[in-house]
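This report refers to the structure that appears directly beneath it.
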2 protein chains.
Amino acid sequence: MRFPKLFERLATLAPLPPEEWVKAEAVAKEQSLAKRELFMRPGDAADRFAVVLQGVFRGVRVSPRGGESIKAFRAEGELIGAYAEMLQRLPSMTAIEALEPSHVLVFQTQDFQQLEQGHVCWERLARRVAEQHFVLKERREQEFLELSAEERLVKFWEEHPHLKGRIPQRDVAAYLGITEVALSRIMSRRRKRAE
Amino acid sequence: MRFPKLFERLATLAPLPPEEWVKAEAVAKEQSLAKRELFMRPGDAADRFAVVLQGVFRGVRVSPRGGESIKAFRAEGELIGAYAEMLQRLPSMTAIEALEPSHVLVFQTQDFQQLEQGHVCWERLARRVAEQHFVLKERREQEFLELSAEERLVKFWEEHPHLKGRIPQRDVAAYLGITEVALSRIMSRRRKRAE
DNA sequence: ACCTGGGCTTGACCTGGGTTAAGGCGGAGG
DNA sequence: CCTCCGCCTTAACCCAGGTCAAGCCCAGGT
């Protein structure tokens, strides 16, 4: 077992026999990425995903008119991949970029489907992952519906303290749905009020 | 089989043997709701869900400070229930209200778990449902990130033509994340531009 | 026919965030 | 050491949408 820690983490989502984990490791490949390197680019087939072993990634959606917005940040222990496109069998519309020199464990979805056919535990895990993702997106929806940009900012840092100092300001802004200018203003406003 | 149409619809998501469907119908109960009646209210246990046979529902989240925002509308063939709260085993934070005299088919989650243990097809269906929900929420996230209120409005009617005339304006506004005043203005602006 | 109330519209005014453009600042490379 | 570049901040101006309040329209009830 090359990654016992990862195994423990995944096993908290759904029961996962160690021997199945060994099979999974057999089909996985490690990959290193430099800062700014892309794990996936728009147009790529959404036929693989990875677990972050080290580093931070941003999922960027480039809109038709060129606007960039950020769907999520992902750090150690989390999954990266164009999940929605994978489910819909569409090419990726997302760029996934390393914000630091990073290290990931890559799976081909095809190999993973093999695993699923071998043992139900993988199916159950996939379900948990889908449910987890759903809960997170719904929380985000809620934030857009009833919180101001400033409130979203506060909540962001409450929920992602481990990202402090690892992601540029402008990306936080693109995640919150505002410009970096607006974010800067919000922060100076708060500084003033705080003193 | 009391609801063959419903069966066909669900079976498109995942293979579903008819005899399993019969078992499901055995534990389901029909329920009728008057206009404005609540299928679920905030604070209720999130231990049941339903399929809409007839009518339209709105999922309302009442925020701590009293603001109302709308998470989704659901019409014939769709699921209603406090899904996120069910997954997290939390009491419902959502009110689900009939906008018309309606008719639904109710399942207790407990009974459904029984079905899951009897046959994997239900587990697979649950996974598909989770994935489906995720894709929808991600699409909505995208809309908040890169579309103006007016663009969201246009898209809303493109994607939900069957709701035309069935839901009050103010609810559309609450779904888009704006006030009914703003929505009214947007509409008159478009009327002017169109002539 | 008359009230009443709910839902939509309109207007006046305010505020938050977008846009553009001009600095400031700190770190990497010459 | 200086310069350049990437990143952040600040300022000026504009516009979308929020808020409050007054009206309008119409369906239902009397």
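No experiment lies behind these values; they were computed from the predicted model shown. Each chain gets a letter, A, B and so on, in the order the sequences are listed, and its residues count up from 1. Below, all heavy atoms of this structure are taken into account, side chains as well, without hydrogens, waters or symmetry copies.
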Pairing of Arg61(A) and Glu138(B) as salt bridge, 4.0 angstrom limit: no
Using Watson-Crick geometry (N1-N3 plus N6-O4 or O6-N4) or G-U wobble (N1-O2, O6-N3), each under 3.5 Å, dT30(D) is paired with dA1(C)
dG16(C) C1' sits how many Å from Ile178(A) CD1, rounded? 10 Å
Taking atom C1' of dG17(C) as reference, at what distance in whole Å does atom CD of Glu150(A) sit? 12 Å
Output the single nucleotide from dT9(D), dC8(C), dG17(C) whose closest atom is nearest the side chain of Arg189(A). dG17(C)
Once each nucleotide of nucleotides 10-15 of chain D is scored for protein heavy atoms under 4.0 Å, what B/S/- sequence comes out, 5' to 3'? BBB---
If you measure from the Lys or Arg side-chain nitrogens to the Asp or Glu carboxylate oxygens, is any gap between Glu150(B) and Arg189(B) under 4.0 Å? yes
Roughly how many Å is it from CG in Leu147(A) to C1' in dG17(D), rounded to a whole number? 17 Å
Evaluate the side-chain contact (heavy atoms from CB on, under 4.5 Å) criterion for residues Asp44(B) and Leu38(B): first the C-alpha distance (whole Å), next the side-chain angles of each, then the deciding distance (0.1 Å), finally the verdict. CA-CA 11 Å; Asp44(B) 283 4; Leu38(B) 298 177; over 6 Å; no
To the nearest Å, give me how far apart CD (Glu151(A)) and P (dG17(C)) are. 10 Å
Against the six-membered ring of Tyr175(A), is Arg152(A) placed for a cation-pi contact (under 6.0 Å from the centre, within 45° of the normal)? no
Atom pair distance, as rounded to whole Å: CG in Leu183(A) and C1' in dG18(C): 14 Å
Going through the distances and angles, do His133(A) and Tyr83(A) end up as a ring-ring contact (aromatic ring centres under 6.0 Å, His included)? CA-CA 9 Å; His133(A) 276 68; Tyr83(A) 189 45; 4.7 Å; yes
Tell me: CG of Leu153(B) to C1' of dA16(D), nearest whole Å? 14 Å
Looking at Lys5(B) and Glu8(B), does any basic side-chain N land under 4.0 Å from a carboxylate oxygen? no
Selection: residues 169-177 of chain A, any non-hydrogen atom under 4.0 Å of DNA chain D: Gln169(A), Arg170(A)
Lys/Arg N to Asp/Glu carboxylate O, Arg128(A) vs Glu131(A), below 4.0 Å: yes
Rounded distance in Å - CE (Met187(A)) to C1' (dG16(C)): 17 Å
I need the CD-P distance between Glu146(B) and dG18(C), as an integer number of Å. 14 Å
Sidechain N-carboxylate O distance under 4.0 Å for Glu20(A), Arg124(A): no
Between Glu141(B) and Lys137(B) (salt bridge meaning N to carboxylate O under 4.0 Å), is one present in this structure? no
